[in-house]
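Read the structure below first, then the notes.
Keep in mind it's a predicted model, so treat the numbers as computed, not measured. In what follows, every chain begins at residue 1, and chains take the letters A, B, ... in the order their sequences are listed.
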Amino acid sequence: MTSAAIQAVQLTKHYAKVRALDNLNLEVREGECFGLLGPNGAGKTTLIKILVHLIKPTSGTALILNRPATDERIRQQIGYLPEKIKILPFLTGSEFLDYQGRLYGMDGGGRKSSAEACLKRVNMYDGRDRKIGEYSKGMVQRLGLAQALLNNPRLLLLDEPAAGLDPISNKEMRDILLRLKEKGVTIFINSHLLSEVEMICDRVAILNRGKLAGSGTKEELTARTTSVELKVEGINDRLLEKIKEVATQVAVESDTITLSLRGNEPISTLPEIIINHGAKLLSLNSSAESLEDIFYRLVKETKDDE
Amino acid sequence: MSKILAIARITVKAELRNKLIYILLAIALLFLFMARGCAPAKINIEKGLISADQITQAGMLFTFNCILFWGLSLCGLLAMNAMPRELDEETIVLTITKPVKRSWFLAGKFLGTFFIVFINLIALTVGFALFFYLRSGTFDPRIFAVLAAATPNFILVISLVFLLSLVLPRAIGALLTLGIYATSLWLSVLFFFEKVRAYWEPSLPTRMLHYALPQLGGVHLYALSMMSDAFPSSMGMWSLIDIAAYLIIIWAAMLLVFQRKAL
């Protein structure tokens, strides 16, 4: 059985007027690449900040590698890349990594070799002796990734890692993450970029307004839902009411009904419902939803529920 | 300990980039060299109103007080920026998310700030001793004892500004601390000089204020008493114990506030 790298149990965080996390239960298994998707303000950064103990939850428990997230010793095995990286601008890239290495308790030789390896890995070796204040946003982001990899972490927590990166740097970062994944490093990515998460992650969770709207592998999520387009003659209110019992996202435009089937409802129920309500089915087209469709639907559903 | 020293080292690097330190240093040096021009004292010596020893001692005390107050200003200036700057600019995040306790972070920031203050004070005191040696041909090692005795005050001022800067706007924290220092020094002058006490009986609120505030003034006068008999030394030990107790309270409060702070 694979042990959990991250466990959030009924995690709640209230700010003055906002409930950033609402009884969140989440588990990330060791060795997997997990993507947390959500629109801005969904609570993604709040969750990651609780995991690295930058903030305390109002209630609930957060465990990292089976230890409380508040235990600073566990951070010896974590690499963290914040959403907005702020680094002392008067240091050079090498000086900064040397400082970070000292905070990990590395000895002089270990610091130097790890820093050099990480700088090469993120393609920043040539800029190592320049002041960070002179770096571009993308360079700062890459240096941020270098510091997150400095201790060869078991768990990598990345908050919007693609922010500020050009397409080439973005691909380089993706390749680095895929290599780390192959080595068995657990990767937790916070992002609002669906394509990014889709390409790297084994499992995905969708967070909206502090609540988990859905989670699973991409295949599990897409298999669960089917989007359907029906052409029907004689649409009536009773028919629509019945359809809403088995489907979500029901929209009607002249004689066309589009919908997403709920849970495990078979598609064969739809013709039956249409005929039983005195209407005539002209055509039926179905397709599995893309991750993007699922994301928008689940986010909309949580909004509607409120 | 190595992690605390790493944080202290970065703090020193950051603080040395503060241009205000150099402006303050220039002002302190100006005061140091101004002590050369004590012309009225020379006239008084010629008139037989004051001895050469007395004028040397007065000059030393004046200049050394300038050094102490310069050190206090430096403490306030550095300490008021050390923590809030890290918090405002969010550079704290990549430090505190490493295997580092929050208390270690505070200790590192404190050590870095104190190191700069102490090195500056040592440099100025050595310069001051050299200056007097060149003028009078004598070297008075007591000035280093004065500096050592005044050190608890610097530690307390930095700690108090650290604490206040976590809960108040930074400049207010520094001004409040220096205000407490000035009040304590003024009250200590009233309380500890026998000649003043002969003419003045402190009211109950004044007595309460004196005992409620940290005995920064008491330590200040105790430090100066090592250089001159004109200053009282009788309350020195009590003042030092009082400062130590305040330090424990301030650090406990600071840890409590910082542990709960969302970053």
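- Scanning both residues, B/Lys13 and A/Leu91, for their nearest heavy atoms gives CD-CD2, 4.1 Å.
- Contacts of residues 68-82 of chain A with chain B at a heavy-atom distance below 4.5 Å involve A/Glu72, A/Arg75, A/Gln76, A/Tyr80, A/Pro82, listed in sequence order.
- Neither the backbone nor the side chain of B/Ile4 comes within contact range of chain A; no heavy atoms are under 4.5 Å apart.
- Heavy atoms of other residues, nucleotides or ligands lying less than 6.0 angstrom from NZ of A/Lys112 number 12 at most.
- Taking CZ of B/Arg17 as the start and CG of A/Leu88 as the end, the distance is 9.5 Å to the nearest 0.5 Å.
- Within residues 71-102 of chain B, the residues having any heavy atom less than 4.5 Å from a heavy atom of chain A are, in residue-number order, B/Glu89, B/Glu90, B/Thr91, B/Val93, B/Leu94, B/Thr95, B/Ile96, B/Thr97, B/Lys98, B/Pro99, B/Val100, B/Lys101, B/Arg102.
- At most 12 heavy atoms of other shown residues, nucleotides or ligands fall within 6.0 angstrom of atom CZ in B/Phe115.
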